[in-house]
Amino acid sequence: MSEQAQGPLTAKKTVLGVSGGIASYKSIDLARLLVLDGAEVRTVLTQSAASFVQPLPFEVLTGMTPIQRMFPVEGGGFTGDMPHISLSDSADLIIIAPATANIIGKFAQGVGDDFLSTLLLSARPPVLVAPAMNPRMWASPAVQENVAALRARGHLVMEPGVGRMARAEEGTGRGRMPEPGEILLAARAILLPNPDLAGMKLVVTAGPTRERWDAVRYLSNRSSGKMGFALASEAAGRGADVVLVSGPAALADPSGARVVRVESAAEMYEAVKNEWADAHALVMAAAVADYRPVDPSARKRKKGEGPLAVELERTTDILAELGTDKGSRILIGFAAETDEVLERAKEKLARKGLDFIVANRVSGDEDAMGADASRAWIIDESETEELPVLEKGVLAGRILDRLAKMWQNISN
Ligand code: CTP
């Protein structure tokens, strides 16, 4: 990444300490997310981390050579005569991800026998620790006592996740490193004590809706829900009180958001209306069905029954409906189009009384539906901002930057 990205963590100096475990490769993604957020990232690799990951990806992503040895220290960056001391002095936050039982033990007991452990000896709290280890090790009294000691000193030790272990025979249990996105949110919560969406109640919708035709069949669309879930989790990390109203989506609840699962457009309308009364903003990222079968059957229809034509009726246009009595609340829509993307999005912006709309293409090479990344345009009354192809989590951040600006004007 050649150019320094601008984001919520712009100008923040972070140290990413990577210890050695199978989760070490995930810290490459964490480095990438921190850089995309605007942070300066200095990586420190322990000797065993270097058995799992190469320094090069970190160097390419962060623009700085990872520190690997106590003597001599490689690379420049913000190090001085006593590099472990000056680095911990100049860092706004030290993150250890993954943190093995070994580095947690050394940190808790004050052992300094390599660069990372020595750095931690002089670190000011809170250090953000993302543990990753075998569940039996995590549950052991020794590790739990060390974790308790670190927490008592003001450090933030995240709970590891539950899931399948790297080696299938070890089964499932608590010990997985928290996902890089969750670690980023925890880092933001430490580094940005006054998050820019604090005080806002935000309703986000996500996913497709399903309109039943009979007991086993329905009309739906290809929406995965990834965009809405990313918005909900980012917004929660930025201090908003988030309610996520989601149609059927195979995604886990985002941390920090209240989730209401619905099926049909009618259920989504009801759920959104219930939350809208005391909300400050709504982002309609859901791909709501425009039509539903007029006469759904509770039974499974038989082949011989006919007729083959399914009669459809309109669903409520949730955005347009709420737009009629919006007051000072903020309404944001999405426009997923196959052609004339900008013209159609602008038409919807005006017709639905929106503050801004996010336009995507849903055909060809840049098909946004179901994808992890997409190209988008953010359009309001006065301008059209074209964004590059961005991962949905990053795009969510850009959309929320706009929302935060509007929120600052309203709440001040
Ligand atoms: N939307 C809604 N309720 C509906 C349909 C859509 O609130 N019943 C919202 C979507 O969540 C999205 C925006 O309206 O934020 C635009 O959705 P889209 O389906 O593209 O627009 P439509 O108004 O349905 O227009 P058309 O289908 O003609 O393109």
Side-chain angles (χ1 to χ4, degrees), residues 202-212 218-232 235 242-249 260-276 279 281-294 312-326 329-363 366-371 374-381 384 392 395-396 398-400 402-403:
L202 172 66
V203 183
V204 179
T205 67
T209 64
R210 278 182 191 167
E211 311 303 324
R212 276 176 188 256
Y218 53 80
L219 286 178
S220 191
N221 58 63
R222 295 191 284 114
S223 170
S224 63
K226 286 176 191 164
M227 189 69 238
F229 277 62
L231 279 160
V242 180
V243 182
L244 173 64
V245 179
S246 176
V260 182
R261 303 258 180 184
V262 297
E263 189 170 295
S264 64
E267 287 171 16
M268 185 170 280
Y269 178 47
E270 281 309 309
V272 171
K273 223 171 33 176
N274 280 341
E275 300 296 341
W276 180 236
L282 167 67
V283 185
M284 280 293 300
V288 189
D290 290 323
Y291 287 91
R292 65 172 163 242
V294 170
L312 302 175
E313 63 186 359
R314 287 287 301 269
T315 58
T316 305
D317 186 324
I318 303 172
L319 261 185
E321 198 57 38
L322 300 183
T324 56
D325 175 29
K326 144 180 195 307
R329 292 172 288 189
I330 302 168
L331 272 186
I332 301 166
F334 273 71
E337 308 288 346
T338 51
D339 32 35
E340 295 176 331
V341 178
L342 298 186
E343 294 71 9
R344 294 201 168 151
K346 283 178 190 164
E347 182 273 321
K348 283 174 189 172
L349 174 79
R351 174 161 51 88
K352 302 196 184 201
L354 308 178
D355 291 280
F356 66 85
I357 193 160
V358 183
N360 282 136
R361 198 184 291 284
V362 287
S363 62
E366 290 186 354
D367 186 353
M369 266 208 180
S374 76
R375 175 188 302 287
W377 291 262
I378 299 182
I379 305 169
D380 66 15
E381 238 178 27
T384 297
K392 284 182 174 168
L395 174 57
R398 296 293 179 88
I399 295 167
L400 296 176
R402 276 287 186 104
L403 177 60

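On a predicted model such as this, the values are computed, not experimentally measured, just so you know. Positions are given from 1, in the same order as the sequence printed here. We count ligands from 1, going down the list as the structure has it; atoms in each ligand are counted the same way.
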Any carboxylate oxygen within less than 4.0 angstrom of a Lys/Arg side-chain nitrogen, looking at Lys346 and Glu343?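 No, Lys346 and Glu343 are not salt-bridged.
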Report yes or no: does [X] have a heavy atom closer than 4.0 Å to ligand 1?
X      : result
Ala265 : no
Glu321 : no
Arg344 : no

Enumerate the atoms of ligand 1 whose separation from the nearest heavy atom of [X] is less than 4.0 angstrom.
X      : value
Thr316 : 3 (N), 4 (C), 8 (N)
Met284 : 2 (C), 7 (O), 11 (O), 12 (C), 15 (O)
Ala286 : 10 (C), 11 (O)
Gly333 : 15 (O)
Thr315 : 8 (N)

Starting from atom 20 (O) of ligand 1, what is the nearest protein heavy atom, named by residue and atom, and what distance separates them?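 Ranking protein heavy atoms by distance from atom 20 (O) of ligand 1, first comes Lys348 NZ, 2.6 Å.
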Nearest non-hydrogen atom to atom 7 (O) of ligand 1 belongs to which of Val272, Leu319, Asn360?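 The option holding the nearest heavy atom is Leu319.
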Has the side chain of Thr338 got a donor or acceptor atom that lies under 3.5 Å from a matching backbone atom of Ser363?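 Looks like no, no N/O pair under 3.5 Å.
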Is the backbone of Ile318 close enough, under 3.5 Å, to the side chain of Lys352 for a donor and an acceptor to pair up by distance?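 Side chain of Lys352 to backbone of Ile318, a donor-acceptor pair under 3.5 Å: no, none is there.
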Which is it for [X] and ligand 1 at heavy atoms under 4.0 Å: side chain, backbone, both or neither?
X      : answer
Ile318 : both
Thr205 : neither
Asp317 : both

Quickly, which of Ile399, Val242, Leu403 forms a side-chain contact (heavy atoms from CB on, under 4.5 Å) with Leu231? Name it, please.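 Of the listed residues Ile399, Val242, Leu403, the side-chain contact (heavy atoms from CB on, under 4.5 Å) partner of Leu231 is Ile399.
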Please find the pair of heavy atoms, one from Pro248 and one from Glu263, that lie closest to each other, and give the distance.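 So the minimum-distance heavy-atom pair works out to CD-O, 3.9 Å.
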Closest contact, heavy atoms only, Leu400 versus Ala235: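 Result for this residue pair: CD1-N, 3.4 Å.
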Does the protein put a heavy atom under 4.0 Å from atom 28 (O) of ligand 1?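 Given the 4.0 Å cut-off, atom 28 (O) of ligand 1 does not count as touching protein heavy atoms.
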Looking only at N/O atoms, are Ala285 and ligand 1 under 3.5 Å apart anywhere?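 For ligand 1, there is no N or O atom that lies under 3.5 Å from one belonging to Ala285.
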Flag Phe334 as yes when one of its N or O atoms lies below 3.5 Å from any N or O atom of ligand 1, and as no otherwise.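 The answer is yes, given that Phe334 and ligand 1 share an N or O pair closer than 3.5 Å.
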